[in-house]
Novice: 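Just passing along the structure, written as structure tokens.
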Amino acid sequence: MLVPIEWLKDYTNVNVDIDEFCDRMIMSGSNLETATHMCEDIKGVVVGKIMEKKAHPDSDHLSICMTDVGTGRLLQIVCGAPNVREGICVPVALPGAFLPGALHGHDKSEAGVTIEEGEVKGVKSEAVICSHNELGFEAKIIPVRDSEGIWILPEEECGLKPGDDLVEAMGLASDVIDFEITPNRPDCLCMIGMARESAATFEDELRYPETETKNEGEGKCTDYINIGISNSEFCKRFYGRVVTDIKIEQSPWWMQKRLMYAGMRPINNIVDLTNFVMLEYGQPLHAYDIRTIKGGKIDVDTVAAGTKFTTLDGNERSLVENSLMIKDAEEGIGLAGIMGGLDSEIQEDTTTIVIEGANFDGDNIRLTSKALGLRTEASSRFEKGIDPNQAKDAVDRVCYLIEQLGCGKVVSEPIDVYPNPVTPWDVKVRVSRVNKIIGVDIPAQQMLDIFADLEIKAEMQDEDTIIATPPTVRLDLREEIDFVEEVARIYGYDNLPLTLPAGVANAGEPRAETVRGMVRDALSAMGVTEIITYSFTSPTDVDRMRLPEDAWERNFVELMNPLGEDSSVMRTILLPQMMQTLGLNFARSNQRVRFYELGVVFAPNEFEPGAAPVESENLCIGMYGDLVDFFVIKGMVETMLDKLGITGVQFTAESGHPSFHPGRCATMSVETEKGTVELGVIGEVHPDISEDYGVGMRVYASELFFDKIVDMAHTEISYEPLPVYPAIGRDIAITVDEETLAGDIRKAIKDTAGDILEEVKLFDVYRGEQVEKGKKSLAFSMIYRSAEKTLTDEEVDAVHEKVVLELKSRFNAALREL
Amino acid sequence: MQERIAEILSEAKERLACATEKKEVDDIRVAILGKKGQLTEILRGMGGLSKEEKKQIGPLANKAKNELEQLINKKFDDVKEAAKNAQFKKEKIDVTEPGREFRMGVKHPITLVAEEISKIFKDLGYEVVQGPLADTVYRAFDGLNSPANHPSRDLTDTFYFNEDICLRPHTSTMQVRTLEEREAPFRIVSLGRCFRCDTPDATHSPIFHQCEGLIVDEGISMTDLKGTLDLMAKQLFGPDTKTKFRPHHFPFTEPSAEMDVSCFKCGGKGCSVCKGSGWIEILGCGETHPNVVGLGGIDTEKYTAFAFGMGLERIAMLKYGVDDIRLFYENDMRFIRQFR
């Protein structure tokens with residue numbers, strides 16, 4: 001919301017400098033985006049009067065303008081603008097002048113341009129006649145009349161003399177503040193609204209504009225037109241007035257400047273006036289040429305879906321259900337609250353107009369505007385909410401200004417169709433409640449003063465109760481809590497002390513979060529780094545994982561409105577994005593990459609279709625680079641699980657997982673009291689996948705079901721006393737068939753040795769000269785210990801012998817000398 | 001005999017002087033003091049001597065034995081020392097060669113910030129709560145007092161699975177969940193992933209993280225809100241940090257505020273980080289709207305509440321000077337490793 005300070009001063013006083021003004025407005029609730037000092041960069045530009053215009057000898061579009069700049073000598077200036085002519089006053093940039101805009105249609109340069117004397121096609125040019133663009137005005141606010149040429153200055157209105165400094169004579173230097181208006185305050189989307197805020201902030205007066213008209217037009221409004229509302233659900237009010245003897249001309253400079261600085265382009269007096277008053281009151285207005293209203297009748301009603309209508313912008317639109325229209329006796333002439341029709345637009349020769357100040361249902365406007373893809377200044381204002389009581393004041397204000405500008409005669413007896421007038425409402429506000437929420441002790445009288453500053457009528461009902469009646473434009477003030485906010489912001493958040501809530505409370509965190517922290521610590525210590533990737537992915541990810549058509553991983557939860565096909569489904573596994581991330585890092589020559597991600601995966605809710613998807617959390621680890629192989633990642637997973645007190649993880653060879661090397665993949669599980677718990681998969685990623693993702697090295701990865709890990713994890717430390725009795729160590733080396741699994745042997749050793757075997761470790765695997773082909777040698781070290789006594793060699797030997805016999809018989813193992 | 005002892009002694013001394021290795025010294029010891037050593041033989045042969053001779057030779061031989069033992073022990077020490085020195089010389093290394101590389105893993109910067117913030121609030125007695133990423137439209141909007149036509153509900157703003165279920169656009173769904181489930185009083189924070197329909201660019205990401213806080217108790221006021229968040233800012237950005245609370249609007253709080261912190265880069269003088277203002281906006285907060293506090297049946301006359309929410313990426317970007325939010329999700333090792 002652009003607010004020119006000069007315009008704001010029409011309604012209230014601003015007696016502080018701009019920085020203080022901004023700061024205090026921010027602290028009372030009007031946050032601002034920017035504060036701009038308009039035209040402060042323009043230097044050395046004066047008013048010039050073109051005394052003589054001659055044709056350029058070598059050009060058919062250039063002219064030579066002999067221009068009076070108040071020095072007594074006429075300057076010779078070459079000008080290419082089509083609208084240049086004798087007798088007009090124009091901005092002249094003298095040599096040395098600085099222009100913030102672009103010169104002669106060149107691209108705007110950030111630094112601006114400094115003017116020098118020059119020559120154009122062999123003719124000396126002593127200065128430059130400027131357009132708005134060259135003076136730095138944005139294209140969208142340049143008045144229509146001058147948009148294709150130089151700026152023709154309002155000589156008479158501003159009493160301009162050749163040689164006057166342009167910025168000073170035209171009052172160009174002024175501040176414009178762009179306020180950020182929050183959605184609860186549509187009443188601030190206008191000058192009076194902001195003036196109300198300013199007046200409350202600075203405890204100053206608020207002056208409403210004049211609206212009293214003389215009504216010199218003939219007859220009364222109903223002599224010209226009848227107005228009705230057929231759909232009073234969507235049209236709350238239609239206030240219309242007729243103005244005759246319209247003279248279409250340029251608006252006065254004071255109004256043009258206000259419009260331009262507020263971001264609107266001046267067009268002609270009638271259009272400008274409706275825009276000006278819209279910006280004053282926030283009430284969208286529309287003017288119809290009465291010649292185009294057939295049957296002298298206006299009605300507001302919805303039309304059938306599919307009805308065709310050509311809007312002001314020249315587009316034919318097919319209307320949707322519940323589109324509300326302004327209609328004459330025969331057809332639609334305007335899309336209510338959104339845009340007028342092409343046919344009823346004001347023309348150069350328009351003489352009699354109907355001015356509409358209507359109020360439409362915000363939701364209806366929003367739905368129609370959205371369905372048609374047509375959002376306008378008016379529609380956006382109706383969507384946000386407008387007080388229907390504004391309509392009358394706004395239309396009367398336009399009529400008043402038409403009379404003041406002498407460009408029309410206002411007809412008496414306006415037509416006001418307002419079936420259910422909005423009347424002010426009362427809200428009970430308890431002083432004690434306000435103070436309880438704010439946390440200080442503001443006296444009732446101070447609250448009454450704050451309300452008065454905000455134009456809220458307020459009186460004490462009893463010593464703790466204020467009856468507050470806000471102005472009807474304050475659509476946001478409905479409940480007691482709304483008034484608490486008004487008191488707080490005007491009292492000033494800055495004036496509130498800092499306190500901490502009394503009492504103590506028990507901190508804590510969910511178990512999963514504790515386990516996450518432990519997993520992160522364990523993996524960090526082992527050199528694995530955390531990544532975070534998107535939760536949605538491409539459905540083709542699972543193809544790249546080589547998963548079959550019927551894989552459960554393809555059971556996606558789909559987004560209704562994804563950003564694109566490649567992020568259209570919620571992920572079911574983490575591995576694809578891990579591969580993607582490893583690929584990116586490999587492409588960037590990052591060495592020794594070891595990553596993990598803790599992330600949520602999604603599955604459709606099979607039991608309750610339409611309910612929220614089922615979420616579970618996975619842990620994915622992925623790595624490439626030297627010093628990694630299957631046993632490195634396996635060891636990391638085991639170490640991490642060990643930290644969580646999860647031991648005895650079974651690794652079962654898995655040759656059928658399509659995403660992994662068939663000879664280097666295992667599923668992981670743990671036996672618990674409740675049965676076998678599957679933990680996930682681990683292995684060397686299938687070489688085709690590594691290649692697909694551009695990783696030129698072997699990739700090792702594991703994906704684990706984190707929720708199950710959380711279920712089993714021990715987050716508390718458990719201490720056991722150190723053993724009292726000595727241990728006895730025995731090593732054993734055996735030769736077995738290559739196919740025999742080390743894990744099976746280990747298990748057999750444990751099962752056979754029983755309780756006194758404290759630890760068994762595979763410490764060497766050997767294949768080669770000393771061992772028969774097709775066989776391998778495995779060396780285990782065992783530690784025997786009893787918790788009750790010192791074991792004797794004989795006792796250990798007996799057990800150890802049993803182990804050897806078991807291995808010989810079960811695995812056809814041959815004992816080797818160590 | 002006397003001469004023989006003197007001879008053994010001088011010969012031994014001579015050989016010892018030349019010895020450089022432990023074995024040589026040992027040989028000398030064996031040759032003289034060993035079981036069959038020269039001096040041992042003499043001492044052993046003493047039995048055959050006369051009383052007179054014993055008296056004369058005995059002390060002499062013992063003296064020679066003691067002297068030799070001392071000399072040999074000293075020589076042992078010398079030789080050992082020499083060997084050690086030789087070893088040291090041989091084992092000398094270039095200490096300027098690089099140390100072996102041990103790469104610790106690194107937590108993602110968003111995790112770092114999340115842990116830091118949750119620690120601050122845990123210390124203040126807040127309980128960390130967590131919930132699903134997909135949640136009902138009611139918990140994402142209606143329960144938070146968000147108007148039916150609020151633009152954040154649009155398909156262009158929030159991701160939907162169907163008209164009732166969306167990916168949460170903020171962690172505030174956890175406010176609703178907690179208010180549905182718990183009795184007052186309580187204090188919670190919830191940190192986690194959120195989603196909005198933003199095409200990724202330097203400052204937007206369809207996935208981001210938030211921290212949400214809610215305290216419900218008797219007498220919770222705006223001054224408590226200010227004090228709590230001021231304390232958090234000081235812990236997060238340093239003890240000299242100042243805070244400024246500007247009135248703002250959120251559907252779920254009233255009165256509402258945005259909190260700025262004094263720029264930690266320039267200390268408030270104005271720089272590129274704070275765009276010259278000296279202040280940086282970091283969070284939204286307010287006294288929780290009675291409609292929200294009361295959604296699960298809590299007595300809003302008895303209990304009041306405040307809530308706040310902030311973006312973790314924004315905090316991380318400000319704290320570490322990261323200028324492109326996409327870096328957090330690209331996961332380039334060179335980026336993440338810097339947060340070790």
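All values below come from the heavy atoms of this structure, side chains included, with hydrogens, waters and symmetry mates left out. Chain A is the first sequence line, chain B the second, and so forth, proteins listed ahead of strands; every chain is numbered from 1.
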Novice: Measuring heavy-atom distances to chain B, does A:R185 have an atom under 4.5 Å in its side chain, in its backbone, in both, or in neither?
Specialist: neither

Novice: Tell me, side chain or backbone of B:L167 under 4.5 Å from chain A's heavy atoms, or both, or neither?
Specialist: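 For B:L167, side-chain heavy atoms alone lie under 4.5 Å from chain A.
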
Novice: Please enumerate all residues that pass side chain to side chain contact (heavy atoms under 4.5 Å, CB included) together with A:R375, with sequence neighbours excluded.
Specialist: A:S369, A:S379, A:S380, A:E383

Novice: Return each pair, listed once, that meets ring pair (Phe, Tyr, Trp, His ring centres under 6.0 Å) where at least one residue sits in residues 498-534 of chain A; pairs must be two or more places apart or across chains.
Specialist: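 Matches after skipping sequence neighbours: A:Y534-A:F536, A:Y534-B:Y329.
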
Novice: Where on A:E486 is there a heavy atom nearer than 4.5 Å to chain B: the side chain, the backbone, both, or neither?
Specialist: neither

Novice: Using salt bridge (charged side-chain N to carboxylate O under 4.0 Å, His left out), reason through A:K436 and B:E287 one step at a time and then give a plain yes or no.
Specialist: CA-CA 11 Å; A:K436 185 175 174 182; B:E287 287 288 295; over 6 Å; no

Novice: With a 4.5 angstrom heavy-atom cut-off, could you sort out which part of B:P290 is near chain A: side chain, backbone, both or neither?
Specialist: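 Just its side chain gets close to chain A.
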
Novice: Considering only NZ, NE, NH1 and NH2 on the basic side and carboxylate oxygens on the acidic side, decide whether B:E301 and A:R430 come within less than 4.0 Å.
Specialist: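 A salt bridge links B:E301 with A:R430.
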
Novice: Please look at A:D482 and chain B and tell me whether the side chain, the backbone, both or neither of the residue comes under 4.5 angstrom of a heavy atom of that chain.
Specialist: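 For A:D482, backbone and side chain are both near chain B.
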
Novice: Where on A:V528 is there a heavy atom nearer than 4.5 Å to chain B: the side chain, the backbone, both, or neither?
Specialist: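 It is the backbone, since no side chain atom gets that close.
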
Novice: Is the closest side-chain donor-acceptor distance between B:R193 and A:S535 under 3.5 Å?
Specialist: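 The criterion, which ignores hydrogens and geometry beyond distance, is satisfied for A:S535 and B:R193.
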
Novice: Assess, by modelled atom type and distance only, whether the side chains of B:R103 and A:Q591 contain a donor and an acceptor separated by less than 3.5 Å.
Specialist: no

